[in-house]
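To keep things clear, I will list the structure first and then write my remarks on it.
In this chain, numbering begins with 1 at the start of the sequence shown.
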Amino acid sequence: MPQIIVLPHEELCPEGAVLEAKQGETICDVLLANDIEIEHACEKSCACTTCHVILREGFESLEDATDTEEDMLDKAWGLEPTSRLSCQAVVADENLVVEIPKYTINLAREANH
């Protein structure tokens with residue numbers, strides 16, 4: 001079973017985490033299921049960039065981003081060549097190392113935790 005290694009994030013995951021993931025799950029769903037409250041303002045419909053993550057390892061194992069995801073990523077804060085929207089990035093058979101960017105572009109936060 002592949003793992004998602006989440007690098008430390010000041011607010012969402014200060015210690016970092018190692019999560020078990022099933023093939024076919026999105027990175028966003030795995031994070032949320034493990035109490036890492038990544039933003040997903042559009043309810044995971046690929047209509048915002050709040051769930052933007054950067055893959056530090058395992059990027060090549062993911063299916064290519066759709067044109068719609070690529071268009072949304074162009075608006076993300078801190079975009080890098082291995083950036084993905086976690087609601088669209090489906091876990092394959094390799095471990096992933098994920099960095100959650102410090103900032104998102106969200107005009108209305110859906111939760112104030």
Side-chain angles (χ1 to χ4, degrees):
M1 186 177 287
Q3 293 182 324
I4 297 177
I5 295 99
V6 182
L7 298 177
H9 180 280
E10 190 175 306
E11 291 177 25
L12 301 178
C13 187
E15 305 296 315
V18 178
L19 312 173
E20 295 294 324
K22 293 185 183 108
Q23 282 184 257
E25 291 182 300
T26 65
I27 294 171
C28 186
D29 285 339
V30 174
L31 296 178
L32 293 171
N34 287 277
D35 298 321
I36 298 174
E37 296 295 323
I38 190 165
E39 288 187 60
H40 52 288
C42 72
E43 295 300 319
K44 304 182 268 188
S45 66
C46 197
C48 74
T49 64
T50 60
C51 73
H52 167 227
V53 295
I54 301 162
L55 280 294
R56 296 298 180 201
E57 290 180 27
F59 179 80
E60 310 77 29
S61 72
L62 302 175
E63 299 246 342
D64 289 343
T66 63
D67 289 343
T68 303
E69 181 182 356
E70 293 283 357
D71 290 345
M72 290 309 306
L73 279 168
D74 286 342
K75 302 171 186 174
W77 182 90
L79 185 68
E80 294 194 18
T82 57
S83 288
R84 291 295 302 267
L85 298 181
S86 66
C87 71
Q88 302 299 304
V90 176
V91 177
D93 57 354
E94 287 185 31
N95 292 345
L96 303 173
V97 176
V98 173
E99 179 180 342
I100 302 170
K102 184 171 184 173
Y103 301 107
T104 67
I105 298 170
N106 186 1
L107 301 178
R109 287 190 103 131
E110 73 178 31
N112 292 322
H113 292 285

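- Atoms CG and CD1, on Leu31 and Ile38 in that order, are 5.5 Å from each other to the nearest 0.5 Å.
- Atom CG in Asp35 sits 10.0 Å away from atom CG in Leu19 (nearest 0.5 Å).
- Here Glu39 contributes atom CD and Cys28 contributes atom SG; the two are 10.5 Å apart, rounded to the nearest 0.5 Å.
- Among all heavy-atom pairs drawn from Ser83 and Gly78, the shortest one is OG-O, 4.3 Å.
- Remark: Glu69 engages Cys46, Ala65, Thr66, Leu73, Arg84, Leu85, Gln88 in a side-chain contact (heavy atoms from CB on, under 4.5 Å) (not counting sequence neighbours).
- Applying the side-chain contact (heavy atoms from CB on, under 4.5 Å) test to Glu25 and every residue at least two apart in sequence or in another chain returns Ala21, Lys22, Val30.
- No option in Thr82, Ile54, Val53, Leu7 other than Val53 meets the side-chain contact (heavy atoms from CB on, under 4.5 Å) test with Val98.
- From Glu60, atom CD reaches atom CD of Glu94 across 7.0 Å, with rounding to the nearest 0.5 Å.
- The side-chain contact (heavy atoms from CB on, under 4.5 Å) search around Ala47 returns Cys42, Ser45, not counting sequence neighbours.
- Thr104 and His52 are not linked by any side-chain donor-acceptor pair at a separation below 3.5 angstrom, with hydrogens and angles left out of the test.
- Looking at Ile100, Ile4, Ile27, Leu55 one by one, the single match for side-chain contact (heavy atoms from CB on, under 4.5 Å) with Ser86 turns out to be Ile27.
- Pairing each heavy atom of Ala92 with each of Ser61, the nearest pair is CB-O, 3.2 Å.
- When the side-chain contact (heavy atoms from CB on, under 4.5 Å) test is applied to Val18, the partners found at least two apart in sequence or on another chain are Gln3, Ile5.
- For Glu80, the side-chain hydrogen bond (donor to acceptor under 3.5 Å, both in side chains) criterion is met by Arg56, not counting sequence neighbours.
- No hydrogens or angles considered: a donor-acceptor pair under 3.5 Å links the side chains of Asp29 and Thr26.
- No chain of hydrophobic side-chain contacts below 4.5 Å, direct or via other Ile, Leu, Val, Met, Phe, Trp or Tyr residues, connects Val91 to Val97.
- Sparse packing is recorded around CG of Asp67, with 12 or fewer heavy atoms of other residues, nucleotides or ligands lying under 6.0 Å away.
- In plain terms, the two heavy atoms of Pro8 and Pro14 that are nearest each other are CB-O, 3.4 Å.
- With sequence neighbours excluded, no residue forms a salt bridge (Lys or Arg N to Asp or Glu O under 4.0 Å) with Glu70.
- Put simply, CG on Leu62 and CG on Leu96 are 5.5 Å apart, with the number rounded to the nearest 0.5 Å.
- His40 places no side-chain N or O within 3.5 Å of a backbone atom of Glu43 that could act as its donor or acceptor partner.
- Between Lys44 and Leu32 the shortest heavy-atom distance is NZ-CD1, 4.2 Å.
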